[in-house]
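To keep things clear, I will list the structure first and then write my remarks on it.
Protein chains get the first letters and strands the later ones, always in sequence-line order, with residue 1 at the start of each. Side-chain atoms are counted along with the backbone in the values below, which use heavy atoms only and exclude waters and symmetry mates.
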2 protein chains.
Amino acid sequence: MTQKTDTQNRLKQVLAHLKSLGKRLTPQRIAIIKAIIDHPGHPTAEQIHQAILPHYPTVSLATVYKTINLLKAADEILDLEFHDYGSRYDARRPHPHPHLICTRCGVIMDTELADIETLTDGLARKAGFSASSFRLDIFGLCPKCTQK
Amino acid sequence: MTQKTDTQNRLKQVLAHLKSLGKRLTPQRIAIIKAIIDHPGHPTAEQIHQAILPHYPTVSLATVYKTINLLKAADEILDLEFHDYGSRYDARRPHPHPHLICTRCGVIMDTELADIETLTDGLARKAGFSASSFRLDIFGLCPKCTQK
DNA sequence: GTCGCTGCAAAGACTTTGCAACCCG
DNA sequence: CGGGTTGCAAAGTCTTTGCAGCGAC
């Protein structure tokens, strides 16, 4: 219930932002963005495409990529580029946050670390950098795979 | 001087490890590994290849990739996979460490953070993960690009 | 009605693979 | 000498791009 209204609000938020940027809200875009936000995990472009096909059988994978790039330009999506697990997207929480990746089953979990930006900013400043973003991936075994 | 013996020692260390794994030390491999270690920055596969060609004109890019994968399997190289800046390699310091990446000029700098593994291990444990590795990239502007 | 967007197919960048010849140990 | 390694070319994966037609505003 709360879950549902959350994703609905997030969808409205993203669509409003795109509109304010002068972008057109085509049915394809709305369907793609909805699919990304509704996905419980961190879907690949292919998975997003598959989720939409039942509703819009003519939507092409190219349009999915174009929409993802649109969202990236608007800072409304997080693009996790893995060579081993493909590019994964997160439009629910576009703000950078650490991820835990299971090297056995490939599951990706979100985490939070309150002072992470203080830490990365400090590291950057020491070297004369001005930090604007970060990415922290922690690889290991998830609870299920640890047991086995 | 010290710099030179450092890279020489590192080269010997890597070669000894490969030998202990039963791998053959071909001239190509030695040249490739030396080129990666001698490179002051974080070279691409292409840059490694170019660095070797004057000495071994017949070495193919495929062999460079194969050797890189050999080093990865032996945990003797760090593979920084960027979509925007290509895959970059670091055979000097194969142990994971944070990197600073300039989003304007593309320079990649090494950093150290003493308690980083305590931090990542803690984050992982909270979620029931057992961490084995990590990657921390901090994006921003390098000192030179900040000035401009 | 305009001009951005879509869908198709083709191109593109990067990396891996198949295979015959080669050569390290 | 045997089997790992090399070099070439071809294949493979993922993503982007060109372009004609379409449709959101």
>> What residues from residues 69-90 of chain B pass a heavy-atom cutoff of under 4.0 Å to DNA chain C?
In response: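 Nucleic-acid contacts, sorted: B/Asn69, B/Ser87.
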Figure out the [atom1]/[atom2] separation between [X] and [N], and round it to whole Å.
| X | N | atom1 | atom2 | value |
| --- | --- | --- | --- | --- |
| A/Ile30 | D/dG23 | CD1 | P | 15 Å |
| B/His49 | D/dT6 | NE2 | C1' | 12 Å |
| A/Ile32 | C/dT6 | CD1 | C1' | 10 Å |
| B/Arg29 | D/dG7 | CZ | P | 11 Å |
| B/Ile68 | D/dT5 | CD1 | P | 16 Å |
| A/Tyr65 | C/dC8 | OH | C1' | 16 Å |
| A/Tyr56 | D/dG23 | OH | C1' | 14 Å |

> Are any of A/Thr58's side-chain N or O atoms less than 4.0 Å away from OP1 or OP2 of C/dG7?
Replying inline: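 Yes.
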> Taking OP1 and OP2 of C/dC8, is either one under 4.0 Å from a side-chain nitrogen or oxygen of A/Ser60?
Replying inline: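 So the side chain of A/Ser60 is outside the cut-off, no N or O lying under 4.0 Å from OP1 or OP2 of C/dC8.
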>> Would you say NZ of A/Lys72 has more than 12 non-hydrogen atoms from neighbouring residues, nucleotides or ligands within 6.0 angstrom?
In response: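 Counting neighbours around NZ of A/Lys72, more than 12 heavy atoms of other residues, nucleotides or ligands fall under 6.0 Å, so yes.
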I'd like to know if the side chain of [X] reaches the main chain of [Y], judged simply by a donor and an acceptor atom lying under 3.5 Å from each other, with no hydrogens or angles considered.
| X | Y | result |
| --- | --- | --- |
| B/Arg92 | B/Ile37 | yes |
| A/Thr111 | A/Pro98 | yes |
| A/Arg10 | A/Ala91 | yes |

> Would A/Glu112 and A/Arg93 count as a side chain to side chain contact (heavy atoms under 4.5 Å, CB included) if you check the C-alpha gap in whole Å, the side-chain angles of each, and the deciding distance to 0.1 Å?
Replying inline: CA-CA 11 Å; A/Glu112 286 299 341; A/Arg93 301 165 29 160; 2.6 Å; yes
>> For the residue pair A/Arg135 and A/Phe82, would you count it as a cation-pi contact if the rule is NZ or CZ under 6.0 angstrom from the ring centre and within 45 degrees of the ring axis?
In response: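 Because its charged atom sits under 6.0 Å from the ring centre and within 45° of the axis, A/Arg135 does stack over A/Phe82.
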>> Restricting to non-hydrogen atoms, name the atom on A/Tyr85 and the atom on A/Thr103 that form the minimum distance, rounded to 0.1 Å.
In response: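 For A/Tyr85 versus A/Thr103, the nearest heavy atoms are OH-CA, 3.4 Å.
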> Do you know which two heavy atoms are closest between A/Tyr89 and A/Ala45, and how far apart they sit?
Replying inline: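 Reported closest heavy-atom pair: CE1-N, 3.8 Å.
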>> Run A/Leu21 and A/Leu70 through side chain to side chain contact (heavy atoms under 4.5 Å, CB included) and show every step you take.
In response: CA-CA 10 Å; A/Leu21 294 174; A/Leu70 184 72; over 6 Å; no
>> Just by distance, no angles: are the side chains of B/Asp75 and B/His17 close enough, under 3.5 Å, to form a donor-acceptor pair?
In response: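 No donor-acceptor contact under 3.5 Å links the two side chains.
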> For every nucleotide of nucleotides 19-25 of chain C, 5' to 3': is a protein heavy atom under 4.0 Å from its base (B), only from its sugar-phosphate (S), or from neither (-)?
Replying inline: ----BBS
> Is there a residue in residues 33-47 of chain B whose heavy atoms reach under 4.0 Å of DNA chain D, and which residues are they?
Replying inline: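 Nothing qualifies; none.
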> Less than 4.5 Å apart, any side-chain heavy atom of B/Ile33 and any of B/Glu76?
Replying inline: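 A side-chain contact is absent here, since even the closest heavy-atom pair is not under 4.5 Å.
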